[in-house]
Amino acid sequence: MNLSGIVKGILFQIVGSFIGAGIMGGIRALMGLPWKTEPAIVLGGLVGAIAFMVGVGAFKDWWKMALGEEVTEASEVVGKQGLSRYFGFSLDHKVIGIQYGILSMVLLVLGGSLALIFRVELAQSGLQLLNFVQFNTLVGLHGMVLIASILMGIAAMSNYVVPLLIGAEDMAFPRLNAFSFWIAVPASIILMSSMFFGGFETGWTAYPPLSVRGPMGIQMFFLGVFIVGYSSILGALNLIATILTMRTKGMGLFKMPIFAWSVLATSIISLTATQLIGLSFQLVMFERLFGMSFFTPSDGGNPILFQHLFWFYSHPAVYIFVLPGLGIISELLPVFVRKPLFGYKWVAMSSMGIALTGFLVWGHHMFTAGIEEYLRVPFMYSTLLVAVPTGVKFFSWVATIWQGKARFPVPMLFVLGGIIVFLLGGLTGPPNGTVSTDLHLHDTYYIVGHFHNTMFGGFIFPIFAAIYYWYPKITGRRMSETLGKIHFYLMTPSFFLMTFGQMRIGLLGMRRRIADYDPAMGFDFTQLLITIGGYLIAISILVFFYNLIVSAKKGESATGNIWNSRSPEWDILPSPAPVHNYAGIHFNVVGEPYDYGLIGSKYVELAQGIHQREESD
Amino acid sequence: MKHFSIVSILVILLTVIVYFFLQAVGLLPTQASSQAIIIDQLFDIHIGIIAFLFSLIVVFIGYSLIVFRRNKQMPDEEGQHITGSSKLEIVWTLVPLAVVIFISYLGAISLAETRKIDPQALDIKVTGGQWYWSFDYPDYGITSDVLYLPVGRQVKLSLTSMDVIHSFWVPEFRVKQDVLPGENLVKELRFTPIETGDFMVLCAELCGGAHAYMNSPVKVVTDGEFQDWIDEELGNFPQDPESLGERLAKNNGCFGCHSVDGKDGVGPTWKGLYRSEKTLVSGEKIVVGEDYLYNAIVNPNSQIVLGYPANVMAQNYGELFTDEEINNMITFIKSLE
């Protein structure tokens, strides 16, 4: 029977989970201990994830290599064509990019829907729909599922676009690339399964001692995130290797498209920081499973230690989420204003600057937590320092737009929306950075509003821009401009309604993560508006999905350089992009990537102007 | 140059409009502590900077998109070939750097101001637990579930938690401090209430279950009223077992989970509990009597009523309370029959 990879993987995962749980039950039975669900589901989850990878075929080639058998070179593998290739194991970075994209969108819908449920609860004071555990589970999963969605989304953009931008045939390690994607699938399933094991009460931050007590769903949450971490770390490693070693001839680091710089910066953070969240979650898992009291004060542990470990990843993680999006803005802006990117080197270095300073600021999440008093002021200085490289980006964008001859197709609308929304996210940040004002703002809805601004401006708007922009490269067809405009003009004001409402009541005393609030505080009306804003965003995204699916078959044909871009994937390749990218094509980098407005200049040029593809085919 | 003059004027105009709009909508709650005044001054500076930077970026982009828009007759018109300016980049790196360092400096001053110590401060020990607050006044030997504060006098809170992390926050006072479990992790928070009135302590750190309801009243009163309250607390309350039991339950946060008016909570209501028939998780049917109540207080997990979660109630009330106190509480519960 020829099952597609994903179906086989999931079947293997189910069987593996039962085997894992059975082994744990068996061991305990042999020791004369009664059945206990918590250790059984943890081992079941772990074995299930490995079984999934076996089922999908991720280990096959490596196994053969270990046995000394011949393995087909990745570049010579003739993959399946048609839609089915996206549902099985493939080594093609473009297929993997789309696979990441599909997973990201699935998680976006799931994570967003969770918010739609608890927003109904919050639309008025009192408890109507949910009990406390359900509410807390939804809030926590909304956070983490969307973090996973964002990680998959940036991986989708990086995987699909980066090799095309730098003229590479594929990623540096195609098998590792496939592994990095597929491991995220069972991880997402495990993460979602936390709902069915009693949920959890801790929010996505999972602070002990709360996470040490309470429902065991938290274990599936920890395990899911732990495994998603592998996807991030290995994917980042691959991207760094690809960007550093596989650029086409003549493309120095300062001649690569700017998006590659932001992916490089992001990947450096992912590669080095993700371990810390994995470790912090693992320690709580062990505390629950084996009674190792890392974080329980009465047994000699320290709950603050967890927060240090957690935020050492989770603050830089915010820059992991936004840097690629900001890179998309820098990449597309010159194309649509027909002017060079202002201060290319400064923009490139600002990404690295953000990546570096991002590591020095985690303490600002702990200003009220009871860290040593003398640490708060240095963390305040380092935190506000992030404003400097971020400012360089904004000023460079403004200077790029200044006197440009702007066109406004849908991707450009999302780029501009991204700039304004991220500006609001950036400007609402410093009050959280200075300690005394943060004493008021910490753990309020203001933080929720600020954070949603940074995520929408730094990820949601840019990824929509990227999808509208590169969609023809994937399908050979354009997405509908009309539907795209409806999407944009519905989502943007709805988002402002939501986020201004959140910040407004937060400043007045609305706390985060509460299922009910005192009607005397007068928040009911604003809460209702926030809920309405959220639902309107959801509707606009439904319009987007309709457009995305229908345009694949019925969209206007677009095989050439429709954006009139200088970048090689548009300037040289036809759409949809050929299976082996630039195989058989030799091109040279002959100019600067963004010299728009310089008549007669080119960024890339075919060697002797010969289309060797036709000959080699 | 003409464009830059127009843009500059527009930026200034919009800055003023945004700044006064944000001031006019009343962004923050009342200032009820001297720390709130200091902190709000820093908020003001932030609002000014936000208004300016927002206007700067938005006006430049908006102006350029409108004024330099493409000529309709030349749809393929390209922009000018300007690749950058190191001079400008250095300016907009160094100027923000200086501003950022200055703001941090102001932030440090502001923090120091809010933390000024008054040696005459009133000591209060604050205990947080799932899901209640309890306030001890060691100078007077009083324990209360309402935070009474004399106006104009600094209070020094020493905060500790019975179980998970909580956070002490009164929005009108602005300041916030997490409340940690562990004897070595007692944290301190100081503030000076400057306005009499009723406020609420809100738990600001997710602490599971009824986190949303972990609120206790704060009453800021005049010196005289504060003294009256102390006198009343110290002498004039009834000493019969039922009243003593009620006080004990109130001050230890029992009502956070068990209502006395029949409303369902995290735990079973106490109204009509005595002599009622309950089904336990084990399936056993019992009639609530004194023995059951005693056991349910000192060893709550052993006889959980069906439909209620285990592991929520603290296990150490047998050590915390004397037998006499427990019997008082049982007397109180019996009175609610």
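As the structure is a computational prediction, the values presented were derived from the model and not from experiment.
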Expected output: side-chain [X] to main-chain [Y] donor-acceptor under 3.5 Å:
| X | Y | value |
| --- | --- | --- |
| Lys339(A) | His81(B) | no |
| Lys405(A) | Gly79(B) | no |
| Glu78(B) | Gly597(A) | yes |
| Arg376(A) | Ala108(B) | no |
| Ser110(B) | Ser436(A) | no |

Where does [X] contact chain B at under 4.5 Å (heavy atoms): side chain, backbone, both or neither?
| X | answer |
| --- | --- |
| Gln307(A) | side chain |
| Ile420(A) | side chain |
| Tyr207(A) | side chain |
| Ala399(A) | side chain |
| Ile599(A) | neither |
| Val337(A) | backbone |
| Met349(A) | neither |
| Asn136(A) | side chain |
| Pro208(A) | backbone |
| Ser396(A) | both |

Could you grab the distance from atom [atom1] of [X] to atom [atom2] of [Y], nearest 0.5 Å is fine?
| X | Y | atom1 | atom2 | value |
| --- | --- | --- | --- | --- |
| Leu341(A) | Thr83(B) | CG | OG1 | 10.0 Å |
| Phe43(B) | Thr437(A) | CZ | OG1 | 5.0 Å |
| Asn432(A) | His46(B) | CG | NE2 | 8.5 Å |
| Leu65(B) | Phe408(A) | CG | CZ | 4.5 Å |
| Asp518(A) | Met200(B) | CG | CE | 6.0 Å |
| Met380(A) | Leu106(B) | CE | CG | 9.0 Å |

[X]-[Y] aromatic ring centre distance below 6.0 Å:
| X | Y | value |
| --- | --- | --- |
| Phe132(A) | Tyr213(B) | yes |
| Trp402(A) | Phe4(B) | yes |
| His442(A) | Trp169(B) | no |

Between [options], which residue shows the highest count of heavy-atom pairs closer than 4.5 Å to chain A?
| options | value |
| --- | --- |
| Pro171(B), Ala310(B), Ser167(B) | Pro171(B) |
| Leu202(B), Leu53(B), Leu97(B) | Leu202(B) |
| Leu27(B), Ile61(B), Leu28(B) | Leu27(B) |
| Glu89(B), His3(B), Gln130(B) | Glu89(B) |
| Pro96(B), Cys203(B), Ser104(B), Ser64(B) | Ser104(B) |
| Ser85(B), Pro309(B), Ala210(B) | Ala210(B) |

Smallest separation among heavy atoms of [X] and [Y], with atom names:
| X | Y | result |
| --- | --- | --- |
| Leu185(B) | Pro303(A) | CD1-CD, 3.7 Å |
| Asp516(A) | Ala212(B) | O-CB, 3.5 Å |
| Gln177(B) | Thr368(A) | NE2-O, 3.3 Å |
| Gly208(B) | Leu210(A) | N-CD2, 3.5 Å |

Checklist line | Among Phe394(A), Trp397(A), Phe342(A), ring pair (Phe, Tyr, Trp, His ring centres under 6.0 Å) partner for Trp92(B) | finding: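 So the option named by the test is Phe342(A).
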Next item on the list: Could you check Thr93(B), Val91(B), Leu56(B), Leu88(B) and say which one makes a side-chain contact (heavy atoms from CB on, under 4.5 Å) with Phe395(A)?
Entry: Leu56(B)
Next item on the list: Test Pro431(A) against every option in Ile45(B), Ile47(B), Leu42(B), Ile50(B) by the side-chain contact (heavy atoms from CB on, under 4.5 Å) rule and name the one that passes.
Entry: Ile50(B)
Note to self: Quick one, Lys176(B) with Thr444(A), criterion side-chain contact (heavy atoms from CB on, under 4.5 Å). Give me CA distance, side-chain angles, the key distance, then yes/no.
What the structure shows: CA-CA 11 Å; Lys176(B) 186 180 287 138; Thr444(A) 65; 4.0 Å; yes
Which atoms of [X] approach chain A - backbone, side chain, both or neither, heavy atom under 4.5 Å:
| X | answer |
| --- | --- |
| Ile82(B) | both |
| Phe173(B) | neither |
| Glu188(B) | neither |
| Ile90(B) | both |
| Arg69(B) | backbone |
| Asp163(B) | both |

Select, from [options], the one with the greatest count of heavy-atom pairs under 4.5 Å involving chain B.
| options | value |
| --- | --- |
| Gly391(A), Pro389(A), Pro430(A) | Pro430(A) |
| Thr202(A), Ile401(A), Leu127(A) | Ile401(A) |
| Val392(A), Leu385(A), Val377(A) | Val392(A) |

Notebook entry, point to check: Between Thr114(B) and Val435(A), is a side-chain contact (heavy atoms from CB on, under 4.5 Å) present by the stated rule, with each step listed?
Noted result: CA-CA 10 Å; Thr114(B) 62; Val435(A) 180; over 6 Å; no
Check: Going by an N to O cut-off under 4.0 Å, is there a salt bridge joining Arg115(B) and Glu373(A)?
Finding: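 Result for this pair is yes, salt bridge flagged.
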Can you check whether [X] reaches [Y] side chain to side chain, under 4.5 Å on heavy atoms?
| X | Y | result |
| --- | --- | --- |
| Pro181(B) | Pro209(A) | yes |
| His211(B) | Ile514(A) | yes |
| Arg338(A) | Gln80(B) | no |
| Leu384(A) | Ile101(B) | no |

Checklist line | Worked check of side-chain contact (heavy atoms from CB on, under 4.5 Å) between Arg512(A) and Leu206(B) | finding: CA-CA 8 Å; Arg512(A) 290 173 80 168; Leu206(B) 178 57; over 6 Å; no
